[in-house]
> 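Okay, handing you the structure first.
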Amino acid sequence: MTDKKAPEKEEVVKTNFIHQQIDADLAEGKNGNRVHTRFPPEPNGYLHIGHAKSICLNFGTAEKYNGLYNLRFDDTNPSKEETEYVESIKEDVRWLGFDWGDREFFASDYFDKLYDFAVELIQNGLAYVDDQTPEEISAQRGTPTRPGTESPFRTRSVEENLDLFARMKAGEFQDGEKVLRAKVDMASPNMHMRDPIMYRIMHVHHHRTGDKWCIYPMYDYAHGQSDFWEGITHSICTLEFEVHRPLYDWFVDHLKDAEYRPRQIEFARLNLSYTVMSKRKLLELVKDNHVNGWDDPRMPTISGLRRRGYTPTSIRNFADRIGVTKTNGMIDVGLLEHSVREDLNKSAQRVMGVLNPLKVVITNFPEGEVDMVDAINNHEDESAGTRKVPFTRELYIERDDFMEEPPRKFFRLAPGREVRLRYAYFVTCQEVVKDENGEIVELRCTYDPDSRGGKSPDGRKVKATLHWVSATEAVEAEVRLYDRLFNDMDPQGHKEVDFKEFMNADSLQILPKCYVEPFVKDAKALDHFQFERLGYFNVDKDTTAEKLVFNRTVALRDSWAKANKK
RNA sequence: UGACCCAUGGUGUAAUUGGCAACACGUCUGAUUUUGGUUCAGAAGAGUCCAGGUUCGAGCCCUGGUGGGUCAACCA
């Protein structure tokens with residue numbers, strides 16, 4: 001040993017352009033050196049992996065700078081929003097491992113303040129009531145390349161505007177009859193600045209404010225102000241809001257007297273290959289029964305991934321790895337899968353299970369005897385200990401692990417060949433039993449009693465170790481295998497073709513009769529296992545006292561299958 | 001015939017005030033292995049969209065292109 005100390009392995013803290021901008025803000029002493037972020041979901045659907053990226057970014061950033069983060073529901077459109085969604089969102093964020101403490105807010109908390117501020121803007125000649133129809137307003141808005149024209153109601157007096165707005169609130173008008181608009185600039189090259197609508201009339205019951213209001217603020221009018229009132233310093237959102245930023249700033253500019261101001265920064269939303277990532281499309285899959293609910297294990301929703309067997313750690317590591325930029329890209333699902341394998345490899349209880357059973361009779365093993373052999377629970381974690389697995393005369397092995405005429409590189413069982421049954425014995429295939437159709441129905445093997453534990457008694461080697469299960473002691477289970485929901489890398493990237501055209505008809509495969517070692521008998525929903533040599537599986541919530549149901553989270557890497565494909 | 005944004009190996013991200021392009025996933029070798037997993041060792045793969053300019057020196061700065069994205073809900 002040298003006396004030079006090895007350099008501490010520096011934890012490479014990944015940075016990103018947002019952190020760099022925050023560093024710059026801090027260097028300038030902005031906002032009293034506070035960093036305060038928020039995650040602002042609209043409670044109109046379930047959270048997906050894209051939201052997880054945003055949550056990790058927003059909340060992770062606050063944690064990095066010892067700041068605070070809020071959870072705020074953007075509930076300004078009661079026609080789409082429901083309490084069910086509020087609950088699922090909270091559950092998902094909590095599951096990911098974030099605790100927002102008492103900082104749980106709703107845009108609807110600010111309806112009164114928002115109203116007052118609107119009145120103020122009217123008084124300052126910065127907002128007006130427009131009587132026109134949606135069609136008329138839309139026609140006047142112009143196009144991206146042609147400026148808009150001003151509404152005939154734009155020059156209404158302050159008094160008239162105040163009166164009309166009060167009556168809008170009082171419910172004197174029908175839906176769509178009037179709107180409140182900000183008076184900005186109809187000739188702006190930015191469409192969002194062309195007198196955006198601040199309030200619309202909606203006689204709709206709100207999940208929190210009930211029937212108190214019949215006018216509701218629009219996103220652009222509510223968001224920045226909510227940020228301001230909560231003391232948010234960095235309002236991180238996705239790229240499509242970039243063109244809204246001047247409007248965000250416009251409203252905040254008129255929210256006077258403070259040496260503090262929130263700043264909107266945009267990043268690229270997550271795109272994952274072979275799936276879709278918009279609430280609208282996911283809702284469509286659910287509503288039209290292309291999947292079995294929001295938490296279908298094939299869905300990229302947080303609840304779907306959870307049910308599928310993904311862990312919070314794996315998702316957060318994934319979010320870390322993909323980084324944060326303004327580049328629109330496409331992340332390979334393989335990276336997500338790598339993240340779960342990595343996490344589960346360290347923690348998952350190992351167990352043996354046979355998906356496609358092939359019966360094996362050990363002809364020289366006494367009938368009725370049960371030999372409890374020792375098995376290691378997790379080679380990656382010695383503290384996980386060992387367990388006993390019953391070995392009997394009749395067993396099941398995986399059909400794929402036997403070939404009557406094995407090709408060159410097939411190491412597994414074949415006529416006359418000896419292999420190891422993991423943790424148990426060396427066995428040799430003596431006879432292949434077929435039915436009248438020529439189907440292999442049973443293998444008759446002999447075992448070497450001296451190889452108990454799977455150790456070769458005389459130093460002889462076998463090229464394969466197979467997983468197995470006792471035909472008489474094993475537990476039956478249903479196993480659900482999942483494949484990508486879509487066959488196309490980018491199902492929503494085809495302008496002419498509906499994304500559903502690319503759905504993978506074989507995304508769900510149900511194996512009703514699999515066998516698992518008795519150890520799993522009392523497993524509870526969401527418990528994770530590695531079925532040795534197969535993959536990671538978890539207990540599905542459909543499991544009952546009578547029937548165990550497993551989901552395959554992800555298969556193990558399989559270089560044999562890969563080599564075989566070529 | 002607008003505004004705003006983006007452009008680095010196959011994919012995703014790095015590159016301190018301009019200084020010989022780094023990491024992860026994937027791919028391919030080989031070793032170890034009672035999981036064809038894990039782990040370990042190694043390799044291939046971009047000269048940074050294009051064209052100019054500034055500079056001793058440009059992925060980083062400037063100009064002009066090209067390609068892609070976003071914006072015309074009383075959605076968020």
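Every chain is numbered from 1 and lettered A, B, ... according to where its sequence line falls, protein lines coming before strand lines. All values derive from a computational prediction rather than experimental measurement.
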> Planes under 30° and centres closer than 5.5 Å, is that true for W560(A) with the base of G36(B)?
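Given the distance and angle limits, yes, they stack.
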
> Over how many whole Å does the gap from Y221(A) atom OH to C74(B) atom C1' extend?
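In whole Å, C74(B) C1' and Y221(A) OH are 16 Å from each other.
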
> For RNA chain B, report each stem as range with range, ordered by first number, or say none. Use Watson-Crick or G-U wobble pairs under 3.5 Å, at least 3 in a row.
B:2-7 with B:66-71, B:10-13 with B:22-25, B:27-31 with B:39-43, B:49-53 with B:61-65

> Let's see if you can work this out: which of G12(B), A76(B), G37(B) has an atom nearest to the side-chain heavy atoms of E81(A)?
A76(B)

> Return each pair, listed once, that meets salt bridge (charged side-chain N to carboxylate O under 4.0 Å, His left out) where at least one residue sits in residues 39-57 of chain A; pairs must be two or more places apart or across chains.
none

> Of the nucleotides A76(B), G12(B), C25(B), which has the atom closest to the L335(A) side chain?
C25(B)

> In whole angstroms, how far is the P atom of G36(B) from the NE2 atom of H379(A)?
12 Å

> What's the CG-P distance between L355(A) and U35(B), to the nearest Å?
19 Å

> Are D448(A) and R460(A) within salt-bridge range, i.e. N to O under 4.0 Å?
yes

> Within less than 4.0 Å of OP1 or OP2 of C74(B), is there a side-chain N or O belonging to S138(A)?
no

> Just grab all the salt bridge (charged side-chain N to carboxylate O under 4.0 Å, His left out) pairs involving residues 142-151 of chain A, residues at least two apart or on different chains.
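Found E150(A)-R154(A).
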
> Ignoring hydrogens and geometry beyond distance, is the side chain of E337(A) in donor-acceptor contact with the base of G26(B) at under 3.5 Å?
no

> I need the full list of salt bridge (charged side-chain N to carboxylate O under 4.0 Å, His left out) pairs touching residues 317-328 of chain A, with sequence neighbours left out, sorted by first then second residue.
E242(A)-K326(A), E266(A)-K326(A), R321(A)-E342(A)

> Would you mind reading off the distance between E136(A) atom CD and A72(B) atom P, rounded to a whole angstrom?
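Spelled out: CD on E136(A) to P on A72(B) is 20 Å.
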
> Collect all protein-nucleotide pairs involving nucleotides 64-69 of chain B in which both atoms are nitrogen or oxygen and the distance is under 3.5 Å.
| residue | atom | partner | partner atom | Å |
| --- | --- | --- | --- | --- |
| G69(B) | O2' | N328(A) | ND2 | 3.1 |

> Any cation-pi pair here, R387(A) with F519(A), using under 6.0 Å and within 45°?
yes

> Measure from CZ on R533(A) to P on G37(B) and round the result to the nearest Å.
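Nearest whole value for this atom pair: 11 Å.
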
> Check this for me, if you would: do D130(A) and K178(A) make a salt bridge, where the nitrogen-to-carboxylate-oxygen distance has to be below 4.0 angstrom?
no

> OP1, OP2 of G2(B) versus side-chain N and O of R146(A): anything below 4.0 Å?
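No, outside the criterion.
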
> Between U13(B), G37(B), C25(B), which nucleotide gets closest to the side-chain atoms of T327(A)?
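Selected nucleotide: U13(B).
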
> Counting heavy atoms from C-beta on, name the nucleotide in U70(B), U13(B), C6(B) closest to the side chain of T325(A).
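Nearest nucleotide to the side chain: U13(B).
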
> Which is true for Y199(A) with a 4.0 Å heavy-atom rule: it touches a base, it touches only sugar-phosphate, or it touches nothing?
nothing

> Describe the nucleic acid contact of H244(A) in one word from base, sugar-phosphate, nothing, applying a heavy-atom distance below 4.0 Å.
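If one applies the 4.0 Å heavy-atom cut-off, H244(A) turns out to touch a base.
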
> Could you tell me the separation between the CD atom of E266(A) and the P atom of A3(B), rounded to a whole number of Å?
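Those two atoms, CD and P, are 18 Å apart.
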
> Of all the choices, A72(B), C74(B), C28(B), which nucleotide is nearest to the side chain of P144(A) once you look at every atom?
A72(B)

> Check the distance between U38(B)'s P and D558(A)'s CG and give it to me in whole angstrom.
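Going from CG in D558(A) over to P in U38(B) covers 10 Å.
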
> Dump the pairs, protein N or O against N or O of nucleotides 15-19 of chain B, anything under 3.5 Å, distances to one decimal.
| residue | atom | partner | partner atom | Å |
| --- | --- | --- | --- | --- |
| A15(B) | OP1 | Q20(A) | NE2 | 3.4 |

> Salt bridge between R263(A) and D25(A), side-chain N to carboxylate O under 4.0 Å?
yes

> For Q492(A) and T275(A), which heavy atoms make the closest approach, and how far apart are they?
NE2-O, 4.5 Å

> Syn if the chi torsion is within 90° of 0, anti otherwise; quick check, which is A43(B)?
anti

> Hey, does R412(A) reach any base, or is it just sugar-phosphate, or nothing, if we go heavy atoms under 4.0 Å?
base

> Heavy atoms from C-beta onward define the side chain here; which of C5(B), U38(B), C74(B) lies closest to that of E380(A)?
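For E380(A), the side-chain atoms sit closest to U38(B).
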
> Looking at the angle O4'-C1'-N9-C4 for a purine or O4'-C1'-N1-C2 for a pyrimidine, is G47(B) syn or anti, with syn meaning within 90° of 0?
syn

> Would you verify whether the NZ or CZ of K169(A) falls within 45 degrees of the ring axis of Y115(A) while also being under 6.0 Å from that six-membered ring's centre?
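Because its charged atom sits under 6.0 Å from the ring centre and within 45° of the axis, K169(A) does stack over Y115(A).
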
> If the threshold is 4.0 Å, N to carboxylate O, is there a salt bridge linking K388(A) and D371(A)?
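No, no charged N to carboxylate O under 4.0 Å.
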
> Do R341(A) side-chain and U38(B) base share a donor-acceptor contact under 3.5 Å?
no

> I'd like to know if Q530(A) reaches the base of U35(B) with its side chain such that a donor and an acceptor end up less than 3.5 angstrom apart.
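Checked by distance alone, the answer is yes.
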
> Under the 3.5 Å rule, do the base of A3(B) and the side chain of H192(A) count as making a donor-acceptor pair?
no

> How about F391(A) and Y423(A): are their ring centroids closer than 6.0 Å?
no

> Is it true that a side-chain atom of S314(A) and a backbone atom of V340(A) form a donor plus acceptor pair closer than 3.5 Å?
no

> With a 4.5 Å cut-off on side-chain heavy atoms, are F529(A) and R350(A) touching?
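With C-beta onward as the side chain, the pair stays apart.
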
> Rounding to an integer number of Å, can you tell me how far Q174(A) CD sits from C74(B) C1'?
15 Å

